[in-house]
Every structure is written in structure tokens, then in C-alpha cells.
Asker: 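So that we are looking at the same thing, I have put the structure below in C-alpha cells.
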Amino acid sequence: MTEPDGVDVWTVHVDRDVDAARWLTPGELRRAATFGDPDGRRRFVAAHAALNGILAERLQLGPTALPLRRSPQGRPYLPGGSLHFSLAHAGDRALIAIAGRPVGVDLDHPRPGLDPRRMAARFFAPAEAARVAAAGTGAYRTYLRLWTRKEACVKAAGARLALGLRLPVTGTADGAVVCDPSGRLPGAYFVRDLPVDGPYCGAVALAGTEPAPCHHREFHHDLQRAP
């Protein structure tokens with residue numbers, strides 16, 4: 001069970017087949033059917049099956065009966081506001097975060113053809129762009145660390161990514177409160193890095209200034225049982 005000011009985070013391996021009909025809501029089944037790419041469909045199903053399984057256990061409902069709604073921006077949520085969640089996926093991994101206050105999670109990995117120094121110079125504040133440029137062979141990982149922290153905050157705010165690209169997030173590996181001095185991204189956010197292995201970088205953010213204990217674990221579809 002999530003602590004009042006804490007967050008639970010699961011890593012999900014999404015390159016596996018999952019029985020969509022047992023885990024997805026009707027709307028999600030319709031969306032899954034639109035995927036022309038079998039790999040993309042499999043990963044979508046596995047990620048959303050994991051999310052629904054976790055939410056269903058918390059709410060003591062069947063995964064296909066979750067009362068999910070969508071905001072005007074298209075973000076799914078549960079009515080009532082007492083349980084918040086966020087889902088991110090990249091490659092063969094996904095991250096799911098559950099908290100008692102607005103939460104955002106992000107996950108990313110290196111992509112062929114992307115120049116991290118150029119991206120940082122274009123989108124980040126000068127100090128962060130300089131940090132990426134000075135990182136040598138670690139430039140891509142430094143860039144991803146900063147990027148995922150920013151996007152996690154944006155997701156917690158329910159905002160557009162463009163509003164958070166210049167949010168200063170340097171020095172938050174163990175958890176820190178960040179806020180946008182320009183005011184473009186409203187509020188303050190407690191953000192921290194997540195221990196994701198391989199080439200991946202991940203971060204989670206919670207709305208507010210209270211420190212957030214984080215419990216990180218792996219999700220296994222074969223250990224979960226849909227009713």
C-alpha cells in the first residue's frame with residue numbers, strides 16, 4: 001500500500017504476450033486493435049495490462065471494470081482524486097507509478113541518430129546544456145537523466161512537454177524539490193531518479209514539496225491473476 005506521501009513504482013518487461021481480453025478495458029481493446037505493428041501492439045497490451053492489474057488490486061475490481069476516464073488532454077485518470085497513476089514506456093520496458101497525489105513517471109533510452117548535445121542546446125537552459133556538452137562519453141546519459149526528470153514533472157502537472165523543457169532539474173538524483181522560476185510550469189515537484197538497468201533512464205515526480213519515499217519493484221504478469 002502506498003504511503004500517504006510516497007510513491008510505488010513498478011518496472012514492467014513488455015516484450016511478452018498477454019491475454020488482452022482478460023486485462024484491458026473495452027476502450028483499450030479498441031485502441032490495441034488499431035496497432036498495425038505487432039510489436040507495438042504487444043507492448044501496449046503488456047504495459048496497460050500491468051497498469052490495470054495494479055489498479056484493480058488497489059480498488060478490488062476486475063481489470064476490465066476499472067472506471068477510467070480521460071481528461072480533455074487525453075490523459076487517463078480515476079474519478080475521485082484519491083489514487084493517481086502514471087505510465088511510461090520505451091523499448092521493451094515500462095514504468096508504472098501509483099501515488100496519493102498527482103504523479104508523473106518517465107522512461108527513455110538512447111535513440112539512433114539523436115545528438116544529445118544538439119538537443120540540449122536547443123531545448124534546455126544554458127547551464128544544463130553546458131553540463132551535457134561537458135559530459136564527454138556520458139553526454140547521452142546526462143541528457144536522458146535531465147530529460148526524464150523534466151518529463152516526469154510535466155506529467156505530474158498534466159501539462160504539455162514544451163512547458164517543462166527549461167525546468168531546472170540538475171542535482172535531483174536522490175530527490176529534490178524543483179520549480180520553474182519562469183512560472184510557465186505551475187507548482188513545485190519532488191523529483192528523483194529511478195534505478196532502471198541497462199541503457200534506460202527513469203524518473204518520477206510528485207506534485208508538492210513533501211519528500212516522497214519510493215518503493216520500486218518488478219511486475220510479473222504470470223504472478224498476477226485477472227478474475
Side-chain angles (χ1 to χ4, degrees), residues 1-11 51 54-55 58-59 68-90 94-108 120 123-132 135 141-196 200-217:
M1 183 65 67
T2 305
E3 297 179 37
D5 290 313
V7 57
D8 290 335
V9 178
W10 287 261
T11 296
L51 173 62
I54 293 166
L55 293 176
R58 295 295 177 94
L59 298 175
L68 294 172
R69 303 288 185 268
R70 286 194 174 270
S71 71
Q73 294 77 30
R75 176 171 175 155
Y77 69 94
L78 289 166
S82 60
L83 191 65
H84 299 265
F85 62 89
S86 182
L87 167 66
H89 53 85
L95 291 176
I96 294 168
I98 307 289
R101 50 177 158 149
V103 62
V105 71
D106 193 51
L107 177 70
D108 211 338
F123 293 114
F124 292 177
E128 290 181 344
R131 182 177 180 183
V132 174
R141 192 159 188 86
T142 300
Y143 165 78
L144 289 178
R145 281 291 182 207
L146 297 171
W147 182 275
T148 54
R149 293 170 188 171
K150 294 171 189 288
E151 187 149 3
C153 292
V154 168
K155 289 182 177 181
R160 295 181 295 109
L161 179 59
L163 295 180
L165 287 174
R166 290 186 174 266
L167 179 72
V169 292
T170 300
T172 60
D174 296 324
V177 175
V178 301
C179 58
D180 185 356
S182 74
R184 296 184 68 214
L185 190 72
Y189 303 91
F190 185 90
V191 58
R192 67 191 305 160
D193 294 339
L194 293 171
V196 187
Y200 294 90
C201 286
V204 64
L206 287 150
T209 61
E210 291 299 316
C214 181
H215 306 285
H216 193 194
R217 66 203 75 177

Asker: Would you compute the distance between atom CH2 of Trp10 and atom CG of Leu87 and round it to the nearest 0.5 angstrom?
Answerer: 12.5 Å
Asker: What's the shortest heavy-atom distance between Pro102 and Ala156, and which atoms?
Answerer: CB-O, 3.5 Å
Asker: Listed by chain and number, what are the salt bridge (Lys or Arg N to Asp or Glu O under 4.0 Å) partners of Glu128, not counting sequence neighbours?
Answerer: Lys150
Asker: What verdict does the side chain to side chain contact (heavy atoms under 4.5 Å, CB included) test give for Leu51 and Phe85, after you've listed the backbone C-alpha separation in whole Å, the side-chain angles of each residue and the deciding distance to 0.1 Å?
Answerer: CA-CA 9 Å; Leu51 173 62; Phe85 62 89; 3.9 Å; yes
Asker: Scan for side-chain hydrogen bond (donor to acceptor under 3.5 Å, both in side chains) pairs involving residues 171-184, sequence neighbours excluded, and state none if there are none.
Answerer: Arg149-Thr172, Asp180-Ser182
Asker: For the residue pair Arg217 and Asp8, establish whether any side-chain heavy-atom pair is separated by less than 4.5 Å.
Answerer: yes
Asker: Heavy atoms only: give me the nearest Ala176-Gly171 pair and the separation to one decimal.
Answerer: CB-O, 4.4 Å
Asker: Taking only residues two or more places apart in sequence or in another chain, which ones pass side-chain contact (heavy atoms from CB on, under 4.5 Å) with Ala135?
Answerer: Ala139, Thr142
Asker: Counting N and O atoms only, with roles assigned by atom type, does the side chain of Thr148 sit under 3.5 Å from a partner on the main chain of Asp106, one being a donor and the other an acceptor?
Answerer: no
Asker: Nearest 0.5 Å, please: how far is CG in Leu146 from CG in Leu167?
Answerer: 10.5 Å
Asker: Are Arg141 and Asp108 close enough for a salt bridge, meaning some N to O gap below 4.0 Å?
Answerer: no
Asker: Sub-3.5 Å donor-acceptor pair from the side chain of Arg166 to the main-chain atoms of Phe124, do we have one?
Answerer: yes
Asker: Please determine whether side chain to side chain contact (heavy atoms under 4.5 Å, CB included) holds for the pair Leu107 and Cys201, giving the CA-CA distance in whole Å, both sets of side-chain angles, and the decisive distance to 0.1 Å.
Answerer: CA-CA 6 Å; Leu107 177 70; Cys201 286; over 6 Å; no
Asker: Do Val9 and Ile96 come within less than 4.5 Å of each other through their side chains, counting heavy atoms only?
Answerer: no
Asker: So which atom in Ala207 and which in Arg101 form the shortest heavy-atom distance, rounded to 0.1 Å?
Answerer: O-NH1, 2.7 Å
Asker: Measure the CD-OG distance between Glu151 and Ser86 for me, rounded to the nearest 0.5 Å.
Answerer: 9.0 Å
Asker: Measure the shortest side-chain to side-chain distance between Val178 and Pro168 over non-hydrogen atoms and say whether it is less than 4.5 angstrom.
Answerer: no
Asker: Is there a side-chain contact between His216 and Thr11 (heavy atoms, below 4.5 Å)?
Answerer: yes
Asker: Show, in sequence, the C-alpha distance, side-chain angles and deciding distance for Leu83 and Ile98, and conclude whether the side chain to side chain contact (heavy atoms under 4.5 Å, CB included) test is met.
Answerer: CA-CA 7 Å; Leu83 191 65; Ile98 307 289; 3.5 Å; yes
Asker: Under a 4.5 Å cut-off applied to non-hydrogen side-chain atoms, are Val105 and Val7 in contact?
Answerer: no
Asker: Mind checking whether Tyr189 and Cys179 have side chains closer than 4.5 Å, heavy atoms only?
Answerer: no
Asker: For Ala152 versus Ala203, what's the shortest heavy-atom pair and its separation?
Answerer: CB-O, 3.7 Å
Asker: Checking Phe190 against Val204 for the side chain to side chain contact (heavy atoms under 4.5 Å, CB included) test, could you report, in this order, the C-alpha distance in whole Å, the side-chain angles of both residues, the deciding distance, and whether it holds?
Answerer: CA-CA 8 Å; Phe190 185 90; Val204 64; over 6 Å; no
